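The structure appears below as C-alpha cells.
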Amino acid sequence: QAFLAQINASRLDSYRRRFPAHATHAFRLPGMSMHTTQEWAQSAHHNMYQAQRTHRKAMTQQDHSSRAHEEVMSDNMSMYNELHSSLDQKVKTSQRLVEKLSHRAQSVENSLQHTRQTLQKLQDALVSKDPPLALCTWRLEQREKRPLREQVRDTVEVCLEVEKASLMDAQRRLKECIKKTQATINALDQKLEELRHDIQQKTQALSVDELCLRTTSRSLETVADRSSYLRSCLRPSSRNLPPSSPRRRPGGAQSARHEVAAQESFRNEVLRQKEALRLNQSAIHREEAAKELREEAHKLIQRMQRQTEDATKKSDKSMQERVNENQQMRRRLESELRETCTQIHMTKNTLQDTKTHIRSLEEPMELTNTCASWRKQRASKEHTVDPVSTTLLEHQMTLLKCHEDLKQHHQNEKSVLQELQEKKEQLKEDLRDKTCALHIDLNCLTHEATCLNGKPSPAISRQRLPKAMKVDPTFVPNPGHAMIVQMPLTAR
C-alpha cells in the first residue's frame, strides 16, 4: 500500500506539472473528481503515443542488434576461415619444409657414412704403406752392411731411395687427405646436427599447428552450425534486412598497428622459409664438397697404390738384375781364381825345375874348376893356352852365364809366384766380398713386407726363397730383426 501511495503521489506531481490550472482547480474543489474527460483521454493518448514511440525505438534497436549479430557472425566466420586458411597454409608449408629437410638430413647422413668409409679406406691405405716402407728401409740398412769394396751407388740403391721417397710422399699425401676428410666429416656432422635441430623444432611447431588446425576445424564447424541455427531463428522482419557489408578493420593507429603486425608476420614466415632453404642449400653444398673429396681420395688411393707398386717392382727388378750381374762377376772371378791357381801350380813347377837345373850346374862347374886347377900343375913348358884351356874357359863362362840366368829366372819366378799368390788372395777376397754382397741382395729379395703383432716387419717369403737358393746353394737367409721365422731349409 505504501508503494501504491508513493506511485499515486508521483503521478499527481507529474500531472500538476503538466496541468497547473486543473491541479489548482482540483485543489480548490475538494471532494470532486481530479480529472476531466478530456484530460483522461489526453492522458491515455499520451501514454499510447509514448508506448508506440518506445515500440518503434525497440524495433529499431532490434534491427540494429540483428544486423550487428549478423555482422558479428559474418566477421567471426570470416576470421575463422582466415585463421583456418592461415593454419592450413602454415601446416602444409611446415610439412613441405620438414619433408625436404628430412630428406636432406637422410642424404647428409648417407654422405657422412660414405665419407667415413672413405676415411677408413684412406687410413687403411696409409697403414698399408708402413710394411713396404719398413721393408725398403730395412733393405737400405742391410745393403749398408756390404763390404766396403761393394758399397757402390748402383741402380738398386737409387731405386730403393726412389721407392722410399715415393712411399713417404704417398704417406704425406694420404695424411693430408685424411685431415681434409676428417674436417669434412666434422662439417657434415655439424650440418646434420643443425638439420636435426631445425627438423625437431619445425616438427614440434608443426604438431602444435596441426593441433590448432584440428581444434579450429571443429570450432569452425560448431560456429557454422550455430550461425545457421541463429539465422533460422531470426524474426521474419530481420530476415528481410539488406545484407550487411563486412566489418571494416579498426581505423587510425590501431589499423596501422594491425597492418604492421601483418607485414611483420608475413616477413617472419618468409624469413623462416628462406632460412630453411638456406640450410638445405648449404647442406647440398657440403654434400657436393664431400662427394668431390671422396672422388679425389679414391683417385689418390689408386694413384698412390700404382706409384708405390711401380717403385717396388723397379726395386725388385733392379735388385734381381744386380744379383744376376753379381753372379756373372762371381763366375768370372771363380774362373780367374781357378786360372790363377793353375798358374801358381805351374809357376811352382817351373820354380822347382829351375832349382833342379841350377843344382845340375854345380857338378859341371866343379868339374871345370877341378880341371882348371889340375892343368895349372902342368910343366912350365906345357903350361900354354891350348884348345883345351880355351874350351875349358868357355865352358866355365857358359856355366856361369847359365847359372846367372837361372838364378835370375828363379828370382823372377819367385816374384811371379808371390804376385800370383797375392792376386789369388785378392781374387778370393773380392769373391768373398761379392758373395757377401750377393747374399745380402738375395736376403733382401727373399723378404717381403708383412706385419707382425700389428707392427710392420720384413719376413721371409716361401715363394722367393727357392729361387734365391737356386742362385747360390750356399745362401742362408737371415730373418728380419723384428721377427723369427722357422722354416725348413731343405733347398740346400
Side-chain angles (χ1 to χ4, degrees), residues 118-184 292-326 434 436-461 463-464 467-468 477-483:
T118 301
L119 177 62
Q120 185 63 39
K121 291 180 181 179
L122 286 170
Q123 291 174 347
D124 294 341
L126 179 62
V127 172
S128 67
K129 298 298 180 291
D130 290 336
L133 182 59
L135 177 63
C136 182
T137 304
W138 179 80
R139 284 177 172 178
L140 288 171
E141 292 174 356
Q142 291 294 314
R143 285 179 61 83
E144 288 179 358
K145 299 178 183 179
R146 292 176 298 169
L148 186 62
R149 187 200 311 273
E150 300 299 320
Q151 291 185 5
V152 294
R153 185 170 176 79
D154 50 6
T155 56
V156 178
E157 186 173 352
V158 174
C159 290
L160 285 175
E161 291 177 353
V162 171
E163 180 186 0
K164 184 177 180 180
S166 176
L167 288 168
M168 294 179 69
D169 179 68
Q171 286 186 336
R172 179 183 60 82
R173 294 188 179 184
L174 288 172
K175 287 180 180 178
E176 292 178 356
C177 192
I178 286 174
K179 188 181 295 184
K180 291 181 181 178
T181 306
Q182 288 176 343
T184 302
E292 292 178 0
L293 183 62
R294 290 196 300 270
E295 293 176 354
E296 180 183 355
H298 182 68
K299 293 179 181 178
L300 179 64
I301 291 173
Q302 292 182 343
R303 187 168 63 253
M304 292 299 100
Q305 185 67 22
R306 289 194 301 267
Q307 178 179 335
T308 54
E309 286 179 354
D310 292 342
T312 304
K313 288 180 181 178
K314 287 182 180 179
S315 298
D316 292 341
K317 182 180 179 181
S318 62
M319 196 171 296
Q320 186 63 47
E321 291 175 353
R322 182 63 178 172
V323 167
N324 295 335
E325 184 181 359
N326 195 341
K434 284 181 171 51
C436 179
L438 175 66
H439 289 178
I440 289 175
D441 288 340
L442 287 175
N443 194 42
C444 292
L445 272 177
T446 55
H447 282 72
E448 61 184 0
T450 57
C451 286
L452 181 65
N453 297 327
K455 295 182 180 180
S457 178
I460 296 176
S461 173
Q463 289 78 19
R464 297 181 180 182
K467 297 179 181 179
N478 183 21
H481 64 279
M483 61 184 301

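Note that the structure is predicted; figures quoted are calculated from it, not measured.
Inter-residue side-chain proximity for Leu122 and Leu126 is flagged as unmet; no heavy-atom pair is nearer than 4.5 Å. Using a 4.5 Å heavy-atom cutoff, the side chains of Cys444 and Met319 are in contact.
Atom CD in Glu163 sits 4.0 Å away from atom SG in Cys136 (nearest 0.5 Å). Atoms CE and NZ, from Met304 and Lys129 in turn, are 8.5 Å apart once rounded to the nearest 0.5 Å. Once rounded to the nearest 0.5 Å, the distance linking NZ of Lys145 with CG of Asn443 reads 9.0 Å. Distance OG1/Thr446 to CZ/Arg464: 8.5 Å, rounded to 0.5 Å. Note that the OG1 atom of Thr118 and the CD atom of Glu296 stand 11.5 Å from one another [nearest 0.5 Å]. Between the CG atom in Asp154 and the OG atom in Ser318 there is a gap of 7.5 Å [rounded to 0.5 Å].
Considering only residues two or more places apart in sequence or on other chains, Gln302 meets the side chain to side chain contact (heavy atoms under 4.5 Å, CB included) condition with His298, Arg306. By the side chain to side chain contact (heavy atoms under 4.5 Å, CB included) test, Glu321 is found to be paired with Lys317, residues two or more places apart in sequence or in another chain being considered.
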Residues 165-178, side-chain donor-acceptor partners within the protein, below 3.5 Å, at least two apart:
from: Ser166; atom 1: OG; to: Gln307; atom 2: NE2; distance (Å): 2.9
from: Asp169; atom 1: OD1; to: Arg172; atom 2: NH2; distance (Å): 2.6
from: Asp169; atom 1: OD2; to: Arg173; atom 2: NE; distance (Å): 3.3
from: Gln171; atom 1: NE2; to: Asp130; atom 2: OD1; distance (Å): 2.7
from: Arg172; atom 1: NH1; to: Glu176; atom 2: OE2; distance (Å): 3.2

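Gln142 and Ile440 get closest at one heavy-atom pair: O-CG2, 3.5 Å. In this structure, Leu135 and Ala449 approach most closely via the heavy-atom pair CD2-N, 3.6 Å. Shown here for Asn326 and Leu438, the closest heavy-atom pair between the two residues is ND2-N, 3.3 Å. Of all the heavy atoms in Thr450 and Pro458, the pair that sits closest is OG1-C, 4.2 Å. Heavy-atom minimum distance, Pro131 versus Ser128: CD-O, 3.5 Å. Here the shortest heavy-atom pairing between Pro147 and Ala437 reads CD-N, 4.5 Å.
Listed for the Arg146 side chain is a donor-acceptor partner under 3.5 Å among the backbone atoms of Arg143. Side chain of Ser315 to main chain of Cys159: a donor-acceptor pair is present (N/O by atom type, distance under 3.5 Å, no hydrogens or angles).
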Item checked: CA sep, side-chain torsions, deciding dist, call: Lys314, Val162, side-chain contact (heavy atoms from CB on, under 4.5 Å) -> CA-CA 9 Å; Lys314 287 182 180 179; Val162 171; over 6 Å; no
Next item on the list: For side-chain contact (heavy atoms from CB on, under 4.5 Å), just list the numbers for Thr155 and Arg322, CA-CA rounded to whole Å, side-chain angles, deciding distance to a tenth of an Å, and then say yes or no.
Entry: CA-CA 8 Å; Thr155 56; Arg322 182 63 178 172; 5.5 Å; no
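Side-chain contact of Asp316 with Gln320: a donor-acceptor pair under 3.5 Å is absent, judged by distance alone.
One finds no salt bridge joining Asp441 and Lys434 here, because no Lys/Arg side-chain nitrogen approaches an Asp/Glu carboxylate oxygen to under 4.0 Å. Using a 4.0 Å cut-off between a side-chain N of Lys or Arg and a carboxylate O of Asp or Glu, Arg153 and Glu161 qualify as a salt bridge.
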